[in-house]
Number of protein chains: 2
Amino acid sequence: MKYAAVVTQNDDGWTIPLVAIAVDLVILTIRSAALHVLLVERAEMPYEGKPALPGGFLATESEDLDTAAARELTEETGLRAEWLHLEQLRTYGTPNRDPRGRVVSVSYLAIVPDLPEPEAGGDASDANWMPVRQVLRRRAGLAFDHDRILTDGLEHARRKLEHTTLATAFCPPQFTVTELRNVYEIVWGVRLDHRNFYRKVTGTRDFLVPTGTQTKQHGGRPAALFRRGTATALYPPILRGSST
Amino acid sequence: MKYAAVVTQNDDGWTIPLVAIAVDLVILTIRSAALHVLLVERAEMPYEGKPALPGGFLATESEDLDTAAARELTEETGLRAEWLHLEQLRTYGTPNRDPRGRVVSVSYLAIVPDLPEPEAGGDASDANWMPVRQVLRRRAGLAFDHDRILTDGLEHARRKLEHTTLATAFCPPQFTVTELRNVYEIVWGVRLDHRNFYRKVTGTRDFLVPTGTQTKQHGGRPAALFRRGTATALYPPILRGSST
DNA sequence: CCCATTTTGCGTCAACATGACATGAAGTCT
DNA sequence: AGACTTCATGTCATGTTGACGCAAAATGGG
């Protein structure tokens, strides 16, 4: 990357540094009973060949940040952002976080239901779902400061499960109470009492809407299927470290 | 503001827009039983003469975002950032939010105890504490998209009172339970039962540390003085819309 | 077909937290 | 001294949570 110029001036003659803006995505899903994050293998220097979060620079001078995040999400997963949970996380701007120069990265958190297969597309040479535990076990596993971004995104998601209905974003359009409980158990890494959990979520207004249908058999009593309700906040919350 | 250059190129010949980075601060305090926010009057175009949140561009190519926020806070209030609560809020990058060109703004939330007087310094022509209610009553009261940033910062602060010990950041080093309750009542705009509140906060481990001293008289029974404890999270939380 | 197994859905009960409110304690003001 | 103010503690009914029992409804093996 070559900079044609890195500063500009305001009317008083002050010099103002100009920087490149990147968006980086923490895209989480649950696959085979484990939390997974979508990673790409970097095709260019720096960190060539290293795994990294999907992301990239603003495409044009007039592209909005949220638009850029939605575009990257679609490029990497083939999913339309309108149907998914996509929210801004926070911004990382440490001067030397990118060896090519000053890059400020705006990170986003995306939650998607279990997908058939990742679709390697866009400028990424390769896109793969990786278990989060495995990625975070070894330090410096990801390019740039993406280990930190992933850690922050994970903590953000864990916290939001407590007092919002975010967990349903991991689920398909119709799901059972047990599937929803599995989301909590897998993301938090705890065991919850299934009877108390059932009482809690079915008793929270507008959290779940019964569809009237049931699951097909798979070795036990059929379960009722639900859709997401209109609620977004949970009062009272479901606290971690409880066995609700 | 004149741009010497607005784009650069990566190795593939892609063009990457370069943008200016600003930090904007939502600095909240409580004065005369009302929530106040620090505003400056803009000395330059655009929005000359309009009130705005304190903030500014990165000073140098190598300045960190958090450092820039701390610098602006010190310039506007004279307070050392190390002693205060200062955290990143979120980032605003709508293409036309600044008529001078593409500016991405990283907002920060600062909570400070009641100060003797605002110290107009730095590049702001004027700095004043303004009641938040009054500022938000009229639409488009602030320059740029600062109404939106203020609204977001306020909601963020209100939410954090519920499950963190952030409220103590509004208080001086030593404070009474009633002073702490006033923080909740003023920020949330509700009335809380003082007896239940007392039971709750004194019963939460590491929230308050008794100093053994008492307040001087002011027309009632002297109150015990406390310092902040080591706790940062509140389990269980203090929920809004309750009368804890 | 009968029975063990699995998973769902509902019920019970003690422990704890909360909402509402009474009352005593320790000062000031007139 | 008595009225008034604010602080601190206590009481009690109600609601939520944690732990766990158990019946309902399916599957699969002998």
Side-chain angles (χ1 to χ4, degrees), chain A residues 33 161-163 171 174-186 188 190-227 231 233-244, chain B residues 33 161-163 171 174-186 188 190-227 231 233-244:
Chain A
L161 288 198
E162 293 189 313
H163 54 269
C171 299
Q174 300 209 353
F175 53 91
T176 66
V177 172
T178 298
E179 289 179 290
L180 185 64
R181 178 167 50 83
N182 283 334
V183 171
Y184 280 89
E185 293 183 337
I186 290 168
W188 284 350
V190 299
R191 296 275 300 171
L192 300 178
D193 185 279
H194 56 97
R195 296 153 293 189
N196 292 338
F197 185 85
Y198 190 94
R199 176 182 62 192
K200 174 76 174 181
V201 297
T202 56
T204 300
R205 277 188 45 136
D206 301 325
F207 190 7
L208 301 181
V209 179
T211 63
T213 56
Q214 299 202 142
T215 51
K216 299 303 174 192
Q217 300 75 323
H218 52 91
R221 177 174 172 175
L225 284 167
F226 295 86
R227 287 183 289 107
L234 293 181
Y235 282 93
I238 304 175
L239 298 180
R240 273 183 284 187
S242 72
S243 76
T244 290
Chain B
L161 288 197
E162 293 188 314
H163 53 270
C171 299
Q174 300 210 353
F175 54 90
T176 67
V177 171
T178 298
E179 289 179 290
L180 184 64
R181 177 167 50 83
N182 283 334
V183 172
Y184 280 89
E185 292 184 336
I186 290 168
W188 284 349
V190 299
R191 295 276 299 172
L192 300 178
D193 185 280
H194 56 100
R195 296 155 293 188
N196 292 338
F197 184 84
Y198 190 94
R199 175 182 62 192
K200 174 75 174 183
V201 296
T202 56
T204 300
R205 276 188 45 137
D206 301 324
F207 190 7
L208 302 181
V209 179
T211 63
T213 56
Q214 299 201 141
T215 51
K216 298 304 174 191
Q217 300 75 320
H218 51 92
R221 176 173 171 175
L225 284 167
F226 295 86
R227 287 183 289 106
L234 293 182
Y235 282 95
I238 303 176
L239 297 180
R240 272 183 285 186
S242 73
S243 76
T244 289

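Please read these numbers as outputs of a predicted model, since none were measured by experiment. Side chains are part of it too, since the values below use all heavy atoms of this structure and drop only hydrogens, waters and symmetry mates.
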Rounded interatomic separation in angstrom, taking [atom1] from [X] and [atom2] from [N]:
X         : N       : atom1 : atom2 : answer
Ile238(B) : dG19(C) : CD1   : P     : 11 Å
Gln214(A) : dA24(D) : CD    : C1'   : 11 Å
Arg221(A) : dT5(C)  : CZ    : C1'   : 16 Å
Glu179(A) : dT7(C)  : CD    : C1'   : 13 Å
Leu234(B) : dA17(C) : CG    : P     : 14 Å
Leu225(A) : dT7(C)  : CG    : C1'   : 14 Å
Leu239(B) : dT18(C) : CG    : P     : 8 Å
Phe197(A) : dC20(D) : CZ    : P     : 19 Å

Starting the side chain at C-beta, find the nucleotide from [options] nearest to [X].
X         : options                   : value
His194(A) : dA22(C), dG9(C), dT12(C)  : dG9(C)
Arg181(B) : dA19(D), dT8(C), dC7(D)   : dC7(D)
Arg199(B) : dT18(C), dG11(C), dA8(D)  : dT18(C)
Asp193(A) : dT17(D), dC20(D), dA20(C) : dC20(D)

Ignoring backbone atoms, establish whether Tyr198(A) has a side-chain N or O less than 4.0 Å from OP1 or OP2 of dT8(C). no
OP1 or OP2 of dT16(D) less than 4.0 angstrom from a side-chain nitrogen or oxygen of Lys200(A), does that happen here? no
Does the side chain of Thr204(B) come within less than 4.5 Å of Ile238(B)'s, by heavy atoms? no
5' priority, DNA chain C, between Gly220(A) and Thr202(A) [closest heavy atom]: Gly220(A)
How long is the span from the CD atom in Glu179(B) to the CZ atom in Phe226(B), to the nearest 0.5 Å? 11.5 Å
side-chain contact (heavy atoms from CB on, under 4.5 Å) for Val201(B) and Tyr184(B)? Distances and angles first, verdict last. CA-CA 12 Å; Val201(B) 296; Tyr184(B) 280 89; 5.5 Å; no
Between Gly219(B) and Phe226(B), who's closer to the 5' end of DNA chain D by nearest nucleotide? Gly219(B)
Any donor-acceptor pair under 3.5 Å between the side chain of Arg195(A) and the base of dG11(C)? no
Do Thr178(B) and Thr176(B) pair up side chain to side chain, a donor and an acceptor below 3.5 Å, judged on atom types alone? no
How is Thr178(B) classified with respect to the nucleic acid when contacts are heavy atoms under 4.0 Å: base, sugar-phosphate, or nothing? sugar-phosphate
Heavy-atom pair of closest approach, residues Thr213(A) and Gln174(A): OG1-OE1, 3.6 Å
